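Remarks on the structure that follows.
For clarity, every value in this text was computed on a predicted model and none was experimentally measured.
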Amino acid sequence: MKFPRFGVVALAAVAVGIAAAGCGSSSSSSAPAGGTNASGGSSRAYGYGGGGGGSSSSAAAVTVKAVSSPLGTILVDQEGKTLYLFEADSMNKSNCSGGCLNLWPPVTANGTATAGSGVTAGMIGTATGSSQVTYAGHPLYWFSGDTAAGDTNGEGLTDFGGAWYAVSPAGKAVEG
């Protein structure tokens with residue numbers, strides 16, 4: 001029996017949320033209201049960055065780099081997590097809010113993100129009025145249904161009023 005891809009991904013996201021809720025520390029039980037950060041070393045679910053570690057900053061350094069994948073060459077962060085764009089966003093402005101942020105946490109950085117291999121530094125920026133990292137004007141996101149480096153489970157999903165795609169080094173949607 002075949003199940004719709006979105007249904008399986010949504011079920012997986014709910015399961016990850018339930019598991020994460022039972023494993024949190026006493027200091028915080030959810031991602032920051034404005035999104036997530038990209039620091040490592042946390043027990044939170046993949047794609048949500050980290051919240052612990054004793055730092056008072058809300059986000060850490062992010063490196064954006066290009067890697068080869070089954071979809072072609074795509075952008076990932078320093079941990080190999082796929083970076084996505086949301087077609088419903090406008091130039092340098094995120095249109096993902098509320099429940100959208102639970103499935104699609106924004107990539108945020110403390111300061112400017114760093115350009116890694118295969119990436120044009122001048123194409124990296126931040127969304128208007130936030131610390132969300134952009135590439136070629138597209139606000140960037142992780143997908144909570146990606147469980148390992150290199151996963152592209154969010155590719156082509158149509159959630160929250162638009163389609164979600166991995167990003168090419170040219171700053172375009174990779175439609176795989």
>> Restricting to non-hydrogen atoms, name the atom on Thr134 and the atom on Ala127 that form the minimum distance, rounded to 0.1 Å.
In response: CG2-N, 3.3 Å
>> Which residues pass the side chain to side chain contact (heavy atoms under 4.5 Å, CB included) test with Ala66, not counting sequence neighbours?
In response: Thr73, Leu75, Val119, Pro169
> What pair of heavy atoms forms the shortest contact from Glu175 to Glu87, and how long is it?
Replying inline: OE2-OE2, 4.1 Å
> Applying the 4.5 Å side-chain criterion to the ILVMFWY set and letting contacts propagate, would Trp142 and Leu85 be lumped into a single cluster?
Replying inline: yes
> Which atom pair, heavy atoms only, marks the closest approach of Pro105 to Asn102?
Replying inline: CD-O, 4.2 Å
> Okay, side chain of Thr128, backbone of Asn92: is any donor-acceptor separation there less than 3.5 Å?
Replying inline: yes
>> I'd like to know if Leu157 and Leu103 are part of one continuous hydrophobic network [Ile/Leu/Val/Met/Phe/Trp/Tyr, side-chain heavy atoms within less than 4.5 Å].
In response: yes
> Under the side chain to side chain contact (heavy atoms under 4.5 Å, CB included) criterion, do Val62 and Gln78 qualify, and how do the steps go?
Replying inline: CA-CA 7 Å; Val62 172; Gln78 68 278 1; 3.9 Å; yes
> Do the side chains of Pro106 and Leu101 get nearer than 4.5 Å, heavy atoms only?
Replying inline: yes
> Can Leu71 be reached from Val167 by stepping across I, L, V, M, F, W or Y side chains whose heavy atoms are under 4.5 Å apart?
Replying inline: no
> If you look at every heavy atom in Tyr135 and Ile124, which pair is closest and at what distance?
Replying inline: CD1-CG1, 3.7 Å
> Quick one: does Thr126's side chain have a donor or acceptor within less than 3.5 Å of a partner on Gln132's backbone?
Replying inline: no
>> Testing the basics here: between Asn95 and Asp89, what is the closest heavy-atom pair and its distance to 0.1 Å?
In response: N-OD1, 2.6 Å
> Any disulfide bond (SG atoms under 2.5 Å apart) pairs touching residues 61-171, not counting sequence neighbours?
Replying inline: Cys96-Cys100
> Does any pair with a residue in residues 143-176 pass disulfide bond (SG atoms under 2.5 Å apart), and if so which ones, sequence neighbours excluded?
Replying inline: none
>> If the condition is side-chain hydrogen bond (donor to acceptor under 3.5 Å, both in side chains), which residues does Ser94 pass it with, not counting sequence neighbours?
In response: Tyr141
>> Can you list everything that forms a ring-ring contact (aromatic ring centres under 6.0 Å, His included) with Phe86? Sequence neighbours excluded, please.
In response: Trp164
>> Under the side chain to side chain contact (heavy atoms under 4.5 Å, CB included) test against Asp77, which residue among Val133, Leu83, Leu140, Val107 passes?
In response: Leu83
> What pair of heavy atoms forms the shortest contact from Ala170 to Met123, and how long is it?
Replying inline: O-CE, 3.4 Å
>> By the disulfide bond (SG atoms under 2.5 Å apart) test, which pairs, at least two apart or in different chains, include something from residues 117-176?
In response: none
>> Would you say Tyr84 ends up clustered with Phe160 if hydrophobic residues are merged whenever their side chains have heavy atoms under 4.5 Å apart, either directly or through other cluster members?
In response: yes
> Is the backbone of Met91 close enough, under 3.5 Å, to the side chain of His138 for a donor and an acceptor to pair up by distance?
Replying inline: no
> After noting the C-alpha distance and the side-chain angles of Thr114 and Val64, does the key distance pass the side chain to side chain contact (heavy atoms under 4.5 Å, CB included) rule?
Replying inline: CA-CA 6 Å; Thr114 304; Val64 177; over 6 Å; no
